[in-house]
Amino acid sequence: MSIALITLGGTIAMGGVDAGRPGVVTRLTGADLTAGVPGLAGLGVPVDVRDTHAVPSANLTGRHLLDVVAEASRAVTGGAIGVVVTQGTDTLEETAFLADLVWPHAAPLVFTGAMRNPTLAGADGPANLLAALRVAAAPAARDLGVLVAVNDEVHAARWLRKTHSTSTATFTAPNAGPIGQVIEGEVRVLTRPRRYEPLPPVDPARLDATRVALYVVTLEDDGLLLDGLADTHQGLVVAGFGVGHVPAALAPVLGALADRMPVVLTSRSGAGSVLRHTYGAVGSETDLQRRGLLNGGLLDPYKARVLLRLLLAVGAGRDEVAAALARHG
């Protein structure tokens with residue numbers, strides 16, 4: 001019985017500088033990380049370290065994450081009671097959600113990272129790693145899908161957002177809040193969100209070949225930047241104003257794209273849902289849905305893109321995409 005620790009790099013693992021290069025770059029191994037965690041011996045469960053994909057999180061890909069999920073699955077099949085993944089925080093809200101969509105096990109898969117590297121005073125990596133290992137070992141964390149443990153909070157991957165560029169309290173869940181906390185070393189799960197069946201197995205080569213664009217709507221937007229998109233991409237996520245609105249001039253452009261590919265409507269606001277039938281003007285959510293756009297509900301634009309790309313990679317049609325959006329959004 002053990003916990004598998006899969007390390008990917010990122011701020012949590014940047015431990016020094018290279019001569020002649022500004023900024024921290026030197027990568028710490030998983031053994032280095034665990035050696036720097038006070039109180040780890042009291043966990044009572046051995047940690048099986050597996051170093052892989054030593055890249056900043058900005059360089060992670062869907063294929064990398066499928067590899068991580070496969071490695072985590074092998075660890076659980078081999079007897080691990082849970083798995084922790086350390087990575088950079090830049091893309092953690094997307095990578096954890098991708099993993100959540102395909103993770104098939106009851107055992108916890110817990111992501112964590114850090115905002116302050118180990119060379120700084122008040123580095124948060126050791127505390128976050130210890131919390132994540134505790135969550136991975138906790139019976140209460142089973143069958144919750146993929147979780148993120150940061151700042152002594154436990155978040156469901158589906159709701160997590162990075163909301164600040166430097167704060168150690170950057171990760172929040174604006175629409176739901178944390179589902180648990182780590183208090184005096186004890187994992188307290190406060191609510192148990194419904195878990196959905198994982199998506200079918202994804203062929204990494206098909207995922208590589210599936211391109212989904214994210215378009216953020218701005219003031220006076222006429223959609224010129226969308227010219228030719230249908231020739232290069234298989235899907236589009238639109239981050240609209242507020243509850244799902246765009247300028248009137250943009251509405252027919254999006255409608256024409258929706259005739260050729262799935263186009264998902266989300267909000268750029270950072271919290272809240274796009275609506276379905278409150279406003280009726282040209283460019284409103286009702287008008288855009290009439291033109292064929294699919295409602296993303298509570299999904300933020302980044303997660304909607306992750307979901308749509310996975311769905312298209314497994315061959316989902318329009319009705320299946322709409323059903324998945326209704327389920328996850």
Side-chain angles (χ1 to χ4, degrees), residues 2-18 23-41 43 45-100 102-103 105 107-120 123-137 141 146-151 154-155 157 160 162 168 171 182:
S2 64
I3 299 170
L5 172 60
I6 300 173
T7 66
L8 302 182
T11 295
I12 192 172
M14 289 183 175
V17 298
D18 287 346
V24 289
V25 292
T26 305
R27 181 178 187 255
L28 301 176
T29 66
D32 295 328
L33 291 179
T34 55
V37 178
L40 184 59
L43 186 65
V45 181
V47 178
D48 174 21
V49 177
R50 307 177 183 207
D51 294 316
T52 184
H53 298 312
V55 296
S57 67
N59 292 340
L60 289 173
T61 65
R63 181 182 283 263
H64 284 146
L65 267 294
L66 293 180
D67 289 345
V68 167
V69 171
E71 179 72 16
S73 292
R74 287 191 291 269
V76 170
T77 302
I81 60 173
V83 181
V84 171
V85 177
T86 61
Q87 68 158 82
T89 61
D90 283 348
T91 60
L92 193 150
E93 61 188 294
E94 293 164 89
T95 58
F97 182 60
L98 189 157
D100 187 50
V102 299
W103 181 243
H105 303 285
L109 175 55
V110 187
F111 281 65
T112 195
M115 295 300 292
R116 293 177 181 160
N117 72 73
T119 70
L120 299 177
D124 53 329
N128 286 345
L129 178 54
L130 182 57
L133 290 165
R134 283 171 167 157
V135 173
V146 175
L147 303 171
V148 177
V150 285
N151 211 27
V154 183
H155 290 272
L160 187 77
K162 185 174 182 179
T168 56
F171 287 106
V182 181

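Excluded from the calculations below are hydrogen atoms, water molecules and symmetry mates; all remaining heavy atoms, backbone and side chain alike, are included. Counting begins at 1 with the first residue of the sequence. This one's a predicted model, so the numbers in the text were calculated from it and none came from an experiment.
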Handout entry: Worked check of side-chain contact (heavy atoms from CB on, under 4.5 Å) between Asp67 and Thr52
Key = CA-CA 10 Å; Asp67 289 345; Thr52 184; over 6 Å; no
So do the side chains of [X] and [Y] get within less than 4.5 Å of each other, counting heavy atoms only?
| X | Y | result |
| --- | --- | --- |
| Asn128 | Phe171 | no |
| Asp124 | Asn151 | no |
| Val68 | Val85 | yes |
| Ser57 | Thr95 | no |
| Met14 | Thr119 | no |
| Arg116 | Thr168 | yes |
| Leu66 | Leu98 | yes |
| Val154 | Val182 | yes |

Handout entry: Exam field: side chain Glu93 to backbone Lys162, donor-acceptor pair closer than 3.5 Å
Key =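 Present.
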Problem - Side-chain donor/acceptor of Ser2 to backbone N/O of Pro46, under 3.5 Å - result: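 Here the side-chain-to-backbone pair does not exist.
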[atom2] on [Y] to [atom1] on [X], rounded to 0.5 Å:
| X | Y | atom1 | atom2 | value |
| --- | --- | --- | --- | --- |
| Leu33 | Leu130 | CG | CG | 12.5 Å |
| Phe111 | Thr89 | CZ | OG1 | 13.5 Å |
| Leu160 | Leu92 | CG | CG | 6.5 Å |
| Gln87 | Leu65 | CD | CG | 6.5 Å |
| Leu43 | Leu133 | CG | CG | 6.0 Å |
| Leu147 | Asp100 | CG | CG | 8.0 Å |

Show the nearest heavy-atom pair for residues [X] and [Y], with the distance to one decimal.
| X | Y | result |
| --- | --- | --- |
| Ile81 | Ala137 | CD1-CA, 3.9 Å |
| Ala99 | Val146 | C-CG2, 3.6 Å |
| Phe97 | Ala157 | N-CB, 4.0 Å |
| Ala4 | Ala75 | CB-CB, 3.6 Å |
| Gly113 | Val150 | N-CG1, 4.5 Å |
| Ala132 | Ala149 | CA-CB, 3.7 Å |

Practice task
Please name all residues satisfying side chain to side chain donor-acceptor pair (under 3.5 Å) with Arg50, sequence neighbours left out, ordered by chain then number.
Solution key: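 With sequence neighbours excluded, Arg50 shows a side chain to side chain donor-acceptor pair (under 3.5 Å) to Asp48, Glu71, given in chain and number order.
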Practice task
Going by the side-chain contact (heavy atoms from CB on, under 4.5 Å) test, name the single residue among Val69, Leu5, Val76, Ile3 that passes it with Val83.
Solution key: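 In the set Val69, Leu5, Val76, Ile3, the residue that makes a side-chain contact (heavy atoms from CB on, under 4.5 Å) with Val83 is Val76.
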Exercise for the section: Answer yes if the side chains of Thr11 and Asn117 hold a donor-acceptor pair under 3.5 Å, and no otherwise. Expected result: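 Note: Thr11 and Asn117 side chains miss the donor-acceptor criterion.
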